[in-house]
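Just so we're clear, the structure is a prediction, and the values are computed from it rather than from any experiment. Only this structure's heavy atoms are used, side chains among them; waters, hydrogens and symmetry mates stay out. Count residues from 1 along the sequence.
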Amino acid sequence: MPGGLSLRLDVRALAVAVLLAAAALAAGVLLVGTGDAKIAPADVLRTLAGNGTAYQNFIVDELRLPRVLVGLLVGAALGLGGALFQAVSRNPLGSPDVLGLSQGSAAGALVVIVLLSGSAAQVTAGALAGGLVTGALIHLLAWRQGVHGYRLVLVGIGISAILTAVNGYLLTKADLVDAARAVVWMTGSLNGRDWTQVWPLLGLCVVVVPVVLGHARALRMMEMGDDAASALGVPVQRTRLVLMTAAVLLTAAATAAAGPVSFVALTAPQLARRLTRSPGPNLLPSLCMGALLLVAADWASQRAFGADQLPVGVVTGVLGGAYLLWLLVTERRAGRI
């Protein structure tokens, strides 16, 4: 390119990312239009363009659009965060669910709910603080002349077990109302989400996602091993610290916005890799796959069970658990485990 800038594109991966993004946006439009007050997709698009009636503007802009946007942003943040953790740890199980970051965010929220009886904004801040503190603790305990994949996963599993016990203890100390409120939040839900959850998460993604994508080339080199990456001029430890910090921020912010939605961060990168057939980190396809998974799960949670609306975390947990079992069976038949 002019100026000596070179750019290498994986055409298949880019095409998969574009198709996944289009599918996620289309699913979002359909989700905005479904409900007790049905609105046709064409009317949804017309309303989003500012040409709807007062009734359509209220239903779309105030009631449904914030929930869908939170779902898209949370799914994208979890998908990208999961891809980063799996690439840095070089382990397909290196996701926030396994490493304890979701449990850390839940612990921060429970402290605010149970001990402080805080407001919704305070619960969000507590979840964000809990995730950041947990991420820093995992990094500190896993550090020994650098952070290596298996050590990171093992430390994360240990921290996750401890935090699960702490969360259970906090629930036993809560009164009935606070305990019910905490359990609903810990399940992972998009119910009642409004613009106050959209803007902070959107602002974080606007800042963090370009930083992550700018380190994609260095991350791909690091998958060959630290020694090979260092020989090619990659500052391995600094790059790993930047990417882990970004992954922690994305995961903590997503958990603060919607609760600990399980298995999206674990599943989205693996599905994206199977679609792109690329061994790299697949950052952009994982981001788009996470957004599509969460919006589709939210649609299923509202529509697939009749009058009983499930929290979206229940649906992602069931689907993600089934996928994990299938993956383990497939790997075992292939002789890799």
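Counting heavy atoms from C-beta on, the side chains of N167 and Q103 come closer than 4.5 Å. Contact annotation: the side chain of L219 never approaches that of T239 to less than 4.5 Å [non-hydrogen atoms, C-beta and beyond]. Considering only heavy atoms from C-beta on, L99 stays 4.5 Å or farther from I157 through its side chain. With contacts defined as side-chain heavy-atom distances shorter than 4.5 Å, the pair L241/H139 qualifies. Between R64 and I59, some side-chain heavy-atom pair lies under the 4.5 Å cut-off. Counting heavy atoms from C-beta on, the side chains of L65 and L48 come closer than 4.5 Å. Side-chain contact between L170 and V166 is present, with at least one heavy-atom pair separated by less than 4.5 Å. Side-chain contact between R46 and D43 is present, with at least one heavy-atom pair separated by less than 4.5 Å.
Nearest heavy-atom pair, C205 versus L250, reported as atom, atom and distance to 0.1 Å: SG-CD2, 4.4 Å. Nearest heavy atom pair, residue T187 against residue V314, reads CG2-CG2, 3.5 Å. Of all the heavy atoms in S105 and T255, the pair that sits closest is CB-CG2, 3.3 Å. Considering all non-hydrogen atoms of both residues, V198 and P66 come closest at CG2-O, 3.6 Å. Nearest heavy-atom pair across S160 and G100 is CB-CA, 3.6 Å. A265 and P96 get closest at one heavy-atom pair: CB-CD, 3.5 Å.
In terms of hydrophobic clustering, with Ile, Leu, Val, Met, Phe, Trp and Tyr side chains grouped at heavy-atom distances under 4.5 Å, L176 and V112 are assigned to different clusters. Hydrophobic clustering (ILVMFWY, side-chain heavy atoms < 4.5 Å, transitive): L101 and L140 are in distinct clusters. Placement of L132 and V74 in two distinct hydrophobic clusters is found when ILVMFWY residues are connected by side-chain heavy-atom separations under 4.5 Å, directly or transitively. Cluster membership for Y55 and L45, using ILVMFWY side-chain heavy atoms within less than 4.5 angstrom, is shared. Note on V208: it does not cluster hydrophobically with L202, by side-chain heavy-atom contacts below 4.5 Å among ILVMFWY residues.
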Worksheet item: Can you check side-chain contact (heavy atoms from CB on, under 4.5 Å) on F58 and L63, steps first, answer last?
Response: CA-CA 7 Å; F58 175 74; L63 297 183; 3.6 Å; yes
Given W195 and L69, is the side-chain contact (heavy atoms from CB on, under 4.5 Å) satisfied, shown in steps?
CA-CA 9 Å; W195 292 104; L69 289 177; 3.6 Å; yes
- Task: Before giving the answer on side-chain contact (heavy atoms from CB on, under 4.5 Å), spell out for V44 and Q56 the whole-Å C-alpha distance, their side-chain angles and the decisive distance to 0.1 Å.
- Result: CA-CA 8 Å; V44 171; Q56 291 172 338; over 6 Å; no
Q. Under the side-chain contact (heavy atoms from CB on, under 4.5 Å) criterion, do L84 and M244 qualify, and how do the steps go?
A. CA-CA 7 Å; L84 287 173; M244 285 188 61; over 6 Å; no
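Looking at R193, its side chain does come within 3.5 Å of a backbone N or O of A257 through a donor-acceptor pair. A distance-only check finds a donor-acceptor pair linking the side chain of T276 to the backbone of A272 [under 3.5 Å]. Under a 3.5 Å cut-off, the side chain of R12 and the backbone N or O of L275 do form a donor-acceptor pair. For the pair S301 (side chain) and V315 (backbone), a donor-acceptor distance under 3.5 Å is absent. Between the side chain of T172 and the main chain of Y169, a donor-acceptor pair closer than 3.5 Å is present. Here the side chain of T251 pairs no donor or acceptor atom with the backbone of V248 at under 3.5 angstrom. In this structure, N57 contributes its side chain and T53 its backbone to a donor-acceptor pair below 3.5 Å. Checking side-chain atoms of Q197 against main-chain N and O of D194 turns up a donor-acceptor pair under 3.5 Å.
A side-chain contact (heavy atoms from CB on, under 4.5 Å) with D298 is found for exactly one of L190, T316, V68, namely L190. If you run side-chain contact (heavy atoms from CB on, under 4.5 Å) between L294 and each of V70, L73, V264, L72, only V264 comes through.
Separating the CZ atom in R67 from the OG atom in S189 is a distance of 6.0 Å, to the nearest 0.5 Å. For the atom pair CD (Q86) and OG (S286), the distance works out to 7.5 Å, reported to the nearest 0.5 Å. Taking CG from L115 and NZ from K173, the interatomic distance works out to 11.0 Å, rounded to the nearest 0.5 Å. Summarising the geometry, atom CG belonging to N282 is positioned 11.5 Å from atom CG belonging to L271; distances are rounded to the nearest 0.5 Å.
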Per-pair distances, 0.1 Å, donor-acceptor, side chain in residues 14-34, under 3.5 Å, sequence neighbours excluded:
unit_1 : atom_1 : unit_2 : atom_2 : d
T34    : OG1    : L30    : O      : 3.4
T34    : OG1    : L31    : O      : 3.1

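When the shell of 6.0 Å around CH2 of W199 is examined, it contains 12 or fewer heavy atoms from other residues, nucleotides or ligands.
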